[in-house]
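Remarks on the structure that follows.
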Amino acid sequence: MKKFVIRFLPFLLIGIVYASIGEYFLSELKENVSIEEVTELQKNSDKELYYGRQVLGNSISNYKVTMFRKKQPEVMTLGQSVTLQFRDFMFEPFEQDFYNTGLMSRNLKDIEYVTRLFETGEVKTPKFIFFATDLSLVLNPSFLDKQEFTRTPPTDRATESRSHLKGIQKVYLSAALRRPPEEDFGFGKAGMEGKGYRNDGTYRHKPNIEKFIEEKGLYNDGELSEKLEKKVIPFLLPMKYDNSKEKRLLEILDRLRQLNIELLLYIPPYSDTFFEKAKKDVVFMSFWKEYMNFQQKLIELDYDVIPFTTPGQMGLEDNYMVDAEHPSEVFCAIQLRNYVKNSGTTNPFLKKLTFIKVDKLLSAKTTIPIAFLVDDASASLREQVIESIH
Amino acid sequence: MRFNSIEFLVFFTVVFFALWALIKYKRINKIALLFCSYLFYGWWDYRFLFLMFTSSIVDYTVGYYIPKSQNKKLLVGISIFVNLGLLMFFKYFNFFIESTADLVQLVGFQANYSTLNIILPVGISFYTFQTLSYSLDVYKGKIKPEHDFINFLNYVSFFPQLVAGPIERAATFLPQFKKERSFNYENAVEGMRLLLYGFFKKMVIADNVSLRVDAIFANPEALSSVELLVGSMLFFIQLYTDFSGYTDIARGCAKLLGFDLMRNFKVPQFSTSIPEMWSKWHISLTTWFRDYFFLWLAGIYRKSTIWRIISTITLFVVIGFWHGANYTFIVFGLLNGLFFIPRIASRDSKNLRDYLKFINTHKVINKFLMVLNFIICGLLVIFFRSPNITHATEYVTRIFSFHSFEIQQFTLEILPLCAGFFVFEWFMKEKSHPFDISNFHPTLRKITYVSMILGILLFGYFGEDPFYYFQF
């Protein structure tokens, strides 16, 4: 036995050395900081810290749920990635009470669960929810419906041995991944470079912004038109409007109302380029007609609704979109501000919003259609924009 | 607990040292092994421990009383009823309900039915067959009943082979729990080699190939005929490396603990015919069915060639169905069975016998048959992999429509790895197992070990993929 163990040890040592070097890289890239620790630091930091793991993966619903439970925000956004550009300062003077839970809840089961958390008092009931009622909530089939992202979020990959082994493999095989970032704005390789989730839960699209400045405002479709044409996710056939899902959604909205939560519903925009193509798609338009009827129904039920639009319908161009389906933070700010100022809403929460910072930023020289460039991580980009003006 | 998990590596390390530390205390050692096996199985779902225990206690009791009983048939009938009953309920209940309802609707009646939400207990197809073989062997007088209950429980639940075999026979396996064991360096090294080779096959080859196979089978209508054909052969490679990888790990673990498990695969990919392939593939299952089902069935009209053909086809339909409750497995078995007809028919025809002998011994034709047989294996496993018959027939139809010859880069990238693996196994095919490198120069051996360890760490798949045969 002794001989066997002694002869086996050198081979075991190879594994130990391999794992130790790999763990060193993960640590240098701050990929191994747990979500628990990241959220704690983000919650208590005055400085903007970005969370973006490029090696281990973000375990996104887990990250958002953890912060949501810790912060128990009074003002929040709820919905998919389309909400991720609604930043804290857009809800001035409630910035401190705000958290963007975008991507925490991705289907009706998730939203029902969140509602139940409020009803049972497990999480403090917020005063206001900005709720993105995007088409996946009434679409059949939706690939997002199978999981429960909020109730059983994925485990934090920083605490999983299997994910570490996968991550170590990646850093060994990619020199680019191993290279430590020159800056340090947060956690994870991407986060350190300023790409990821901010303290308020919103997302900074660093590469898109850089490309936008470099290519002087080109619009990027993000392959959504191709997906529609091929009928792949998110446009899976038969792509029908689901009345039973609509009924469930209306029930949830009613339950939220009964909790005295002020709601602002949001039908997210599409780029003009995409929407013009989509109009020619018979299957899509058949669904779309019913979806727009649903939008009208919400208005008739006396909900505050920011209706569907395209940049063109607002006198803007497609480069106000991050891609075909994601509005930029500037576009989001304009939509929210215009709705509150022009719709004549009686919503007491919305009437308190001041938009002082938003107005100032909208007229700032450094604001470009895709971003306000107010973050610390945008300092060099602001200089580039000013230089290009001169 | 999966073999390809950190939990298992920790578990096995502890078990290895603990069991050898307790080797002098024979009884305690056996109880400790039993505890480890039940812990291993309970890691999946502790509720199914009860099922395994039930199966064990029934066969222990049946075996105990058979020699003394006046009604041996009744006792063996109880064992068959309980074991096959468990299997039927957990594996086939919903299939039979749905099939009956389909049949009723087919003849024009309205069928109202509901299925049950039944979870298939992992390994049930394996351990029920193992315990059943014990009762049948005692009944036939081939073995004496085991009176030591702990030995018997260990025989049924021995964790390295519990969930996906090899299905061991009591005659060769039970005595291993009774005899004195002592640590043997050569055996342990052999065990480590099998472990290393098994993990390499599973994590580097099978799991990486499965990424391509899954993509190809998910969307066959979008791919070329050649890519679909390559995809089917890749699935055959995945199935072989996955399952034989599991068996190697099982045998390796057993060797490290001082036990010997039977060889389950003998490089079946180099067979020249489907019958030869089946004599080298999942040997413990095919010999089980041969001994306990086929010999009885074929023996009814021993001299009839037609009956032998019918029996063989029936045998393969049953083997196919053993894999899963789906018509695809029945068709898979049926098609495999049809390939036995020439061999059986040759019993009555000297010309056919001579012809088969000629093509099997001719050096060039033999190699050609090997390639052809590999392609046929690929085509057959389309039914094994497809979720339903429609999918499988569409897949096959598209291959033979000769629609475009394009292959995606993603698929091409995996081919050198598969080719390298085949070359290695070709040169090792005469060995006691394909990774028997004991005659290599010590330096070359060490280089091989280090390369494989690094290969697993750098290119192994560390996702959640279970072994393919766990679903059976």
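Sequence lines set the chain letters: A, B, ... in the order given, protein chains first and strands last, and positions in each chain run from 1. For the numbers below, each heavy atom of this structure counts, side chains included, while hydrogens, waters and symmetry mates do not.
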Gap separating the [atom1] atom of [X] from the [atom2] atom of [Y], nearest 0.5 angstrom:
{"X": "F4(A)", "Y": "F16(B)", "atom1": "CZ", "atom2": "CZ", "result": "4.5 Å"}
{"X": "L165(A)", "Y": "I6(B)", "atom1": "CG", "atom2": "CD1", "result": "4.5 Å"}
{"X": "Y185(B)", "Y": "K2(A)", "atom1": "OH", "atom2": "NZ", "result": "14.0 Å"}
{"X": "N4(B)", "Y": "R162(A)", "atom1": "CG", "atom2": "CZ", "result": "5.5 Å"}

State whether the number of non-hydrogen atoms from other residues, nucleotides or ligands found under 6.0 Å of [X] atom [atom1] is greater than 12.
{"X": "Y25(B)", "atom1": "OH", "value": "no"}
{"X": "Y24(A)", "atom1": "OH", "value": "no"}
{"X": "K231(A)", "atom1": "NZ", "value": "yes"}
{"X": "K211(A)", "atom1": "NZ", "value": "no"}
{"X": "W43(B)", "atom1": "CH2", "value": "no"}
{"X": "F424(B)", "atom1": "CZ", "value": "yes"}
{"X": "E223(A)", "atom1": "CD", "value": "no"}
{"X": "K230(A)", "atom1": "NZ", "value": "no"}

Smallest separation among heavy atoms of I453(B) and I14(A), with atom names: CG2-CG2, 4.3 Å

When the 4.5 angstrom heavy-atom criterion is applied to F17(B) and chain A, the contacting part is side chain

Which bit of L196(B) comes within less than 4.5 Å of chain A, counting heavy atoms only: side chain, backbone, both or neither? neither

With side chain to side chain contact (heavy atoms under 4.5 Å, CB included) as the criterion, how do F11(A) and M192(B) come out once you've worked through the C-alpha distance, each side chain's angles and the decisive distance to 0.1 Å? CA-CA 11 Å; F11(A) 299 107; M192(B) 286 306 291; over 6 Å; no

Answer key: most heavy-atom pairs under 4.5 Å with chain B among K3(A), Q169(A), R7(A) is Q169(A)

Has Y18(A) got a side-chain atom pairing as donor or acceptor with L454(B)'s backbone, closer than 3.5 angstrom? no

Close side-chain approach of F462(B) to H164(A), heavy-atom, < 4.5 Å: no

